[in-house]
Amino acid sequence: MTAETVISKQPALSGSEGSSVTSRLTLRAWLDRTTPRVKDFFVHVLGQVRILKKIYPGLMHFMIFWGVTIQVIGTAINLMQMKLFLPWEITTFPRNGWYLGYELVMDIAGAFILLGVLMAFFRRLVLRPKYLDTQWDDWFALIMLFLIAFVGFTNEGIRILFTRPEWAAWSPVGNWAAAIMAASGFPVEQAAAWHDGLVYTHVILALTLVAALPFTKMRHLVNAPWNILLRPNRKTGELAKIEAIDTAEILGVGKVGEFTSQQLLSFDACLRCGRCEEACPASISGMQYSPKEVIQMMRKAMVAGLDTGEVKADVEILGGVMPEEYPWQCTTCGACIIKCPAFINPVDEVVDLRRYQILTTGKMPKSVGDTMRNLERQGNPWGMPPENRMAWADGLNIRELAPGEQTDVLFFTGCAAAFDERNKKVTRAFAKLMQKAGVDFAVLGFDEICCGETARRMGHEYIFQEFAKQNIETFGKVKFNRVVTDCPHCFNTLKNEYPQMGGDYEVIHNSQLLTELVASGKLELNLQSTIRNSQSAIAFHDSCYLGRYNNIYREPRQLLDKAGVTRVEMARRGENSFCCGGGGGGMWLETDANTRINHRRLQDVLDVKAKVVATACPYCLLMFDDAIRSKGIGEQVKVMDIAEVLAAQLEV
């Protein structure tokens, strides 16, 4: 029975029933969009969870944020008792015991502000982390917050000194200030005379800070929460799609005014904390690139001329605001994305700028142009003849699906696995493991083409969409339950980005499938294997697109542990892992020998005295291999894929 027949046999809904169903679907869609945002508000705005990942600045900011928030709420409650904001009026709270609690909470909040500000002064004057820049508005904000809290507590101490209330102990800081004044011989009459003047001073300081919000970094108090709530509802590893690309008038972004309103908001939400720069592999490796500077350059261009009324939104960004080669130093590793407390995504801006260069101006580095030419002519970034796609499978008797045929697991090999000589060994090892476990799998063979990830990250959205359409069409001609790939870049693209093009599949990485096979006993480990009995330490390197973008950290480590190897962890691991330098088109870009990211990452391996670095990504494997060869230390350390480690352990 066809789907059309089933639908035709369903009873027609009455007008009210149809309206009810539509309303429920609309409500569900609204909840699906809203629920994550509400969660983000409580977790990341109020809970400050991401900020607290760095202990010292996290506690500092937590105290200032909640101190100011409670003070603002408490002041509003106080003012609403004065009938200044009718019809909003409070006449019954706080009273009696509630007033004592109110005084205590307000005192603690003020103390939080003072302590947080003092910690901030110490951090900027003494600790001085290199990624943290200090400008005039930093000092302005800290001095104003300190003065507001200091004057407030001084005035509270004066009030307690000349009124002697019974509840003075419930205002501990104010009571302490009063005790200091009394001990110093400060006259009570003088205290009463100063009270009103200090009240006005306190109000003027507070209003000055409020008025200065739009003109200082304090604007993030408003803009950062809004950016968290309004950011695109996309997965971390998913780029925005250019809709109707054949007829679209704007391809990428060449001028500030072409960014979306949410992106413009994110520029204003940046508080220059430098967490992104501290984590950026390009910045750490000495390249002239910083995700913080990307956002700050965009903001500078956005607000240029606001003071004169001559906003120049038509200024070309590349060549005008930043050097034309600037966006190409980003590896799109996502380290900046997961570190930003305001959830700003510099990778989106970088890709938008690349799209403009490639699709609009045609100005791009030569190596980028060569890669795009390979993709257009050969269907893969290596520029290898497509008829060589199945060369890796010689002698393995790998099944190739024909239209109409069916398999349980569709193995999407990807270009690196099919064309790169070093990665062919990994592909063969993984295929042998699946064969040993009795997995019902097959490949598309010569019908498979590049997933388009390289083209998309390098800015050629048109090639990506054409490749995606072609692969989705090919997928539609065969039947399978799930797709497996050993490339995290293919994995991320098929899983998170193909749904944009109408291809929604269950996609898993080979580490997930191998973990499943080992757990089920279909791959029985050899207790006497050479790998198991070796004393060579193995360090696992977390791939950016497997780890940060798709949160797969556990499975590769489980496999290595099951293999019985001596596993060691590098200092930078998990979501803090250091990029290999191959992502975002980095595989194909020429870089200065003194600033190569893969050399930095190799040093992390050497620091833990590992003899083998295990990877779960073909790009990572090649970047490590290149660094090892460049340094001439092939006898000291080698790189293996986890599939190779497992295959050696099982002796397949």
Side-chain angles (χ1 to χ4, degrees), residues 32 36 231-246 248 251-253 260 262-263 330-334 337-338 345-355 358-359 371-372 375 379-381 410-417 444 448-476 480 482-510 512 543-552 582-587 616-619:
D32 288 342
R231 74 186 194 279
N233 191 20
R234 286 188 269 117
K235 297 174 183 176
T236 306
E238 179 185 359
L239 294 178
K241 176 187 177 185
I242 298 180
E243 300 290 348
I245 192 168
D246 290 323
L251 299 172
V253 172
T260 67
Q262 186 278 324
Q263 286 176 300
C330 172
T331 65
T332 69
C333 72
I337 300 174
I338 67 161
N345 188 339
V347 173
D348 279 352
E349 282 71 62
V350 165
V351 172
D352 279 338
L353 294 172
R354 291 179 176 183
R355 286 173 173 176
I358 286 183
L359 299 174
T371 305
M372 293 302 109
L375 285 163
N380 66 83
L410 175 62
F411 178 25
F412 188 91
T413 57
C415 299
L444 294 174
E448 177 188 309
I449 62 170
C450 178
C451 68
E453 190 270 350
T454 294
R456 189 171 223 196
R457 261 60 192 179
M458 295 182 86
H460 207 314
E461 178 73 3
Y462 185 81
I463 289 180
F464 163 74
Q465 293 194 16
E466 289 302 308
F467 283 5
K469 289 176 185 176
Q470 189 170 333
N471 273 324
I472 291 170
E473 182 180 349
T474 302
F475 288 173
F480 54 89
R482 50 186 178 168
V483 181
V484 67
T485 179
D486 60 4
C487 175
H489 297 264
C490 296
F491 169 69
N492 180 73
T493 300
L494 296 173
K495 180 176 181 284
N496 296 326
E497 298 187 322
Y498 268 36
Q500 295 177 343
M501 305 299 298
D504 201 349
Y505 316 105
E506 180 184 352
V507 185
I508 59 174
H509 184 255
N510 73 340
Q512 294 174 297
S543 159
C544 303
Y545 276 76
L546 190 63
R548 273 191 287 267
Y549 280 134
N550 289 284
N551 203 34
I552 296 176
M587 271 286 299
C617 171
Y619 286 3

Using atom types as modelled and distance alone, determine if a side-chain donor or acceptor of [X] lies under 3.5 Å from a backbone N or O of [Y].
X	Y	value
E448	T413	yes
E473	Q470	no
Q512	H509	yes

Restricting to non-hydrogen atoms, name the atom on [X] and the atom on [Y] that form the minimum distance, rounded to 0.1 Å.
X	Y	result
A455	I463	CB-CG2, 3.6 Å
C415	N380	SG-CB, 3.6 Å
L375	C450	CD2-SG, 4.1 Å
T371	P381	CG2-CB, 3.9 Å
I242	L251	CG2-CD2, 4.1 Å
R355	G252	CB-CA, 3.6 Å

Q.
Between R457 and E497, does any NZ, NE, NH1 or NH2 come within less than 4.0 Å of an OD or OE carboxylate oxygen?
A.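 Answer for the salt bridge query: yes.
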Heavy-atom check, side chain of [X] versus side chain of [Y], under 4.5 Å:
X	Y	value
F491	I552	yes
D504	Y498	no
E461	I245	yes
L239	R456	yes
K495	N550	yes

Q.
Show, in sequence, the C-alpha distance, side-chain angles and deciding distance for C617 and Y545, and conclude whether the side-chain contact (heavy atoms from CB on, under 4.5 Å) test is met.
A. CA-CA 9 Å; C617 171; Y545 276 76; over 6 Å; no
Q) What do the steps show when you test L359 against H460 for side-chain contact (heavy atoms from CB on, under 4.5 Å), and what is the final call? A) CA-CA 7 Å; L359 299 174; H460 207 314; 3.6 Å; yes
Q.
Evaluate K241 against M501 for side-chain contact (heavy atoms from CB on, under 4.5 Å), listing each step before the verdict.
A. CA-CA 9 Å; K241 176 187 177 185; M501 305 299 298; 3.7 Å; yes
Could you measure the distance from the [atom1] atom of [X] to the [atom2] atom of [Y]? Nearest 0.5 Å is fine.
X	Y	atom1	atom2	result
R354	C330	CZ	SG	5.5 Å
F412	D486	CZ	CG	11.0 Å
C544	N492	SG	CG	11.5 Å
E466	D246	CD	CG	7.0 Å
C451	I472	SG	CD1	11.5 Å
C490	N471	SG	CG	9.5 Å

Q: Go through L410 and R482 one step at a time and tell me if the side-chain contact (heavy atoms from CB on, under 4.5 Å) criterion holds.
A: CA-CA 6 Å; L410 175 62; R482 50 186 178 168; over 6 Å; no
**Q.** With sequence neighbours excluded, residues passing side chain to side chain donor-acceptor pair (under 3.5 Å) with E453
**A.**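 For E453, the residues satisfying side chain to side chain donor-acceptor pair (under 3.5 Å) (neighbours in sequence not counted) are H489.
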Q: Just jot down the side chain to side chain donor-acceptor pair (under 3.5 Å) partners of T331, sequence neighbours excluded, or say none.
A: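 Partners of T331 under the side chain to side chain donor-acceptor pair (under 3.5 Å) test: none.
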Q. With no hydrogens and no angle check, do the side chains of Q263 and D352 hold a donor and an acceptor under 3.5 Å apart?
A. yes
Q. Between N496 and Y549, do the side chains contain an N or O donor and an N or O acceptor separated by less than 3.5 Å?
A. no
Q: Report the residue from L353, D348, V347 that forms a side chain to side chain contact (heavy atoms under 4.5 Å, CB included) with V351.
A: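 Between V351 and the candidates, side chain to side chain contact (heavy atoms under 4.5 Å, CB included) is satisfied uniquely by V347.
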Q: Specify whether F480 and Y505 have parallel, tilted or perpendicular ring planes, treating 30° as the upper limit for parallel and 60° as the lower limit for perpendicular.
A: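 Rings of F480 and Y505: tilted, 30 to 60°.
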Q: Decide side-chain hydrogen bond (donor to acceptor under 3.5 Å, both in side chains) for T454 and Y619; before the verdict, give the C-alpha distance in whole Å, the side-chain angles of both, and the deciding distance to 0.1 Å.
A: CA-CA 11 Å; T454 294; Y619 286 3; 3.1 Å; yes
